[in-house]
Amino acid sequence: MSDATSKAIDRAMGALVGGALGDALGMPTQLLSPVRIAELHGHVEDFIEPFADHPVSKGLAAGTITDDTEQALLLGRILVESGDRFDHARWVNALLDWEREVKARGSYDLLGPSTKRAIDAINNGVPAEEAGRSGDTNGAAMRIGPVGIMMPLEPLEAFVAKVAETCRATHNTSIAIASAAAVAAAVSRGIAGGGWRDASASAVAAARRGATLGHWVTGGDIAARIVWAQDIVRGKAIRDAIRLITDLVGTGVASQESVPAAFAVLEVARGDPWQAAIISANIGGDTDTIGAIAAGMAGACSGFSRLPQQHIARLVGLDMSEVRALAADLVAARVAKIGSGKDAAE
Ligand SMILES: [Mg+2]
């Protein structure tokens, strides 16, 4: 294996495990307001158990990952198995199997609103390729990391087309595709050796292109809102930045809130994955998804070897050998796309 390929695998693992850190740290605070988080937990800086009556996280052990990480790994596996043509039916069935399995585990954290709606449509006879025509929430962006690992950023048209293809069944809208393209592009730039600032610039370009695809739905422009969200928090102290993100950017499941929020978190954390996870966990709203996106992008730019190993050791529900194998398979697919004679870092 070339040195460039092993570096790319380290960054791929950084994306997947960084995302898991953000997900697990935000698990107990998801859906709560920042005030309620502070009342219950103070400033969250480490894995904690959710309070007893938490609407979706109740009963989970501290450090447990949720749908964000599990669905990203699932999508990664389907991508590897699908080859060049993404298998929509297989993907939708995998999501259905996943929901059945988490229900059996007693989880309350199930499929999100857009994915649920799409799967109901498919069960009513709508083709998998058309079921996602109204999906505009953040589910596609939350699980898109593996596409960024597998796809080189150039040519951008092919990159964003692959993002849109994986979004089609559940999130086939301008806003969701722009959001997923932004996150995937940030990850891809990280895999290629880019830093978090480069990753943010690539994200904006990919979001602009992504917004031209899928069914148009109304909502603030993702590319413009990423630029704006990073501008308003730049140089701010963490507590002030959190206030600006919760009050102005928004932390809800709407793509146009949580995805720009994740980029604002990346900015405040200055690309540090664990800082990104901590900021996200205290931000209120969709904390685990914002954390998974922000720390995943940061992890892609820093690499697994620079993640806090003491925290990784305490993650619950993540099979590290599965992550390692998936990272290697996705990078191998990336190398094959770039072509022999070149390496994964290009
Ligand atoms: Mg979650």
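Scope of the values below: all heavy atoms of this structure, side chains included, with no hydrogens, waters or symmetry mates. Start at 1 and go down the list; that is how both ligands and their atoms are numbered. What you see is a predicted model; the values in this text were computed from it and never measured.
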Is the backbone N or O of V44 less than 3.5 Å from a side-chain atom of N282, with the two atoms forming a donor-acceptor pair by type? yes

- Message: For H311 and F47, take the angle between the two ring planes, folded into 0 to 90°, and tell me which bin it lands in: parallel under 30, tilted 30 to 60, perpendicular over 60.
- Response: perpendicular

For I279, the hydrophobic cluster (side chain heavy atoms closer than 4.5 Å, chained through members) also holds W228, I232, V233, I238, I242, L244, I245, L248, V249, V265, V268, I283, I290

Quiz prompt | Donor-acceptor under 3.5 Å (T170 side chain, G132 main chain) | solution = no

Total protein N/O/S atoms sitting under 2.8 Å from the Mg ion (ligand 1), waters ignored, is 4

Here the gap from L111 atom CG to T115 atom OG1, rounded to the nearest 0.5 Å, amounts to 6.0 Å

Main-chain N/O of G284 paired to T287 side chain as donor or acceptor, under 3.5 Å:
no

